[in-house]
Structure formats: C-alpha cells, structure tokens
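These notes are about the structure you will find just below.
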Amino acid sequence: MTQVQTAPVPAFAEETDRKLCLICSKGTLDMAYPGLVLANAALMEGIEVHMFFTFWGLDMINRDTMDDLKTTFLGNTAMHLPQGLGGVPGMTGLTTRMMKKEIKKLDFPEVPEFLQQIADAGGHLWACKMSVDMMHLEEGDLFDEVEGVIGATEFMEMSENGQIIFI
Amino acid sequence: MTTATIAGKQLTVDDEGFLTDPQQWDETIAPALATNIGLELSDDHWAVLRFLRSDFASEGETATLRRVSTIGGFPTKQLYQLFPKKPAKKMAYVAGLPKPKGCI
C-alpha cells in the first residue's frame, strides 16, 4: 500500500466537451432501448446528448404509440424458437409482455418515463421533419419534451463535432 | 490502494480517489470530498447523501441514479443540479461509497 498525503481526485471533476447524437430510426420495443440506455448513460457522464427520431423511430415520441411499442418474433432468429410460432395470434403481445417484464425487473423505466428522465437530465429530443410530414403528424402529436421538428440539414449543423450513432 | 489524509483522517482510497472501505466514512469527511470535486454541501446535498448511505447499508451496493430518484424521492432534475454533469459518480464519491455499477 502506498502512503500519500494528498488523495487522488477522480477525473470526473473535469468537464468534457464530448457530444453524442443518436439517430433513432426503429419503432420496436427492443430497438428503442439501446438508444435510450446510451443517451441516459452519456448524460450521466456529463456528455451533451441529442436524440433525433426518424422514420419508425418517431413511434418512440408519438404520444399515440410511445407507450405501446412492441417486439415481435417474426424475422428475429435471436429468439431461437421456430419462426412459425411468430405467426400465432397473440404471440407479438406475449413476446412484448415478456420483454417488458424483464426490463422492469432490471429497474429500467418504460419508454415515456425513460424519455422524461433523459429530458430531465438535460438531453435534447428532436423529431425528423420528413418523417413527421410523411406520417401526417403535427408537433402537437409529439411528446411534450420534444424541442422541435427539424430537417436533416439542421441535424447536420447540430451534430457538428459530435459523435453519431445510428440505431 | 493508497492511504491518504482526508479531513485529518487516514483513509484508504483507490487509484481514482474513491474510498475503498465505506466504514471509514463519516459525516466529517464528506465536506472535504465535496471540496475535492468543486462542490459545497447544502442541506439538499446532505439529504441525498444520507439516503445513499442508508440504502447502501440495507442493499449492500451503491444505489443507481434511478433508485435515488424513484426510491429516495429526489427528482432527476434536482440530482443533476446538485451534482452536475456526473451525478451518480459524484454522489457516490462524496458519500464514501463504491463507484456505482448500474447503467441507469
């Protein structure tokens, strides 16, 4: 053991200028969580975070759908069960309920609450203009914490010098 | 592991500066640890620190930020204001607890 007079001070006393931009393009429950977990983790590390929701990812911030994302068996070989089972009526609901139960056990919040936590932690949420128009939505249809509907070029400006993750 | 003098006491810390033995911590040490990372402790900080200590005593591990919020009743916004930028790590450090392992 080393004897010193002054204790080391954790490096987290220093600030970072790192910026993380997550593009969320999927509307399934299983593909919503990677973005949410990474955004939250980055905020806990003092990193500036922007989440840009595009195409099916818009379901994550659409008030009508955000609390009702699903995960399906079909086309997902990682379930390691016969694919035919995926077509059985009620199977998508069952798979979704099972996944939600496991997520809850780990004490991760559901999607709307997770987004609120991210916003409370200072994360920025943006909707993709093309997707909003394509799906005939309006800003009022979106989760309150969404800061705006922006185009891809604005996203490029905003993400300058940031790290981009596409999900 | 290193032995260092913090608030006039000989304490063991890891390479990053976290106390390695939570039992060595008492409330006279927290202000010195807080000063190390640029914080001045208010009553609101103390409320969070006391929750962390009591939760650690019953659970055996450092509470996640979510747990501090949902079980402790401290809103996320407030935790980020009290312990800016890296709330989970900062509050664990000042409370003399191991660095939190959870991702939430």
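Side-chain atoms are counted along with the backbone in the values below, which use heavy atoms only and exclude waters and symmetry mates. Sequence lines set the chain letters: A, B, ... in the order given, protein chains first and strands last, and positions in each chain run from 1.
- What you find for B:P87 and A:M44 is that their closest heavy atoms are CD-O, 4.0 Å.
- The same ILVMFWY cluster, assembled from side-chain heavy atoms under 4.5 Å apart, contains both A:M31 and A:I103.
- When hydrophobic clusters are built by joining Ile, Leu, Val, Met, Phe, Trp and Tyr residues whose side-chain heavy atoms come closer than 4.5 Å, directly or via intermediates, A:M99 is grouped together with A:L36.
- Heavy atoms from other residues, nucleotides or ligands lying under 6.0 Å from NZ of B:K9 number more than 12.
- In this structure, the portion of B:L65 lying under 4.5 Å from any heavy atom of chain A is its side chain and not its backbone.
- With a 4.5 Å cut-off on side-chain heavy atoms, A:V9 and B:I37 count as touching.
- Proximity to chain B (any heavy atom under 4.5 Å) is shown, for A:L43, by both the backbone and the side chain.
- Contact between A:E113 and B:R66 at its shortest, heavy atoms only, is OE2-NH1, 3.0 Å.
- Grouping the Ile, Leu, Val, Met, Phe, Trp and Tyr side chains by contacts below 4.5 angstrom, directly or via other members, places B:L49 with B:I6.
- With salt bridges taken as basic N to acidic carboxylate O contacts below 4.0 Å, none links B:K85 and A:E45.
- A:D107 contributes atom CG, which lies 5.0 Å from atom OG1 of B:T70 (distance to the nearest 0.5 angstrom).
- Nearest approach of A:N40 to B:Y80, heavy atoms of both residues: O-OH, 4.3 Å.
- Using a 4.5 Å heavy-atom cutoff, the side chains of B:D15 and A:P8 are not in contact.
- Within 6.0 Å of CZ in A:F155 there are more than 12 heavy atoms belonging to other residues, nucleotides or ligands.
- Put simply, A:L29 and A:F73 are part of two different groups of oily side chains (I, L, V, M, F, W, Y) that touch within less than 4.5 Å, one to the next.
- At a threshold of 4.5 Å between non-hydrogen side-chain atoms, the residues A:D120 and B:S69 do not count as touching.
- Enclosure of atom CD in B:E16 by more than 12 non-hydrogen atoms of other residues, nucleotides or ligands within 6.0 angstrom is indicated.
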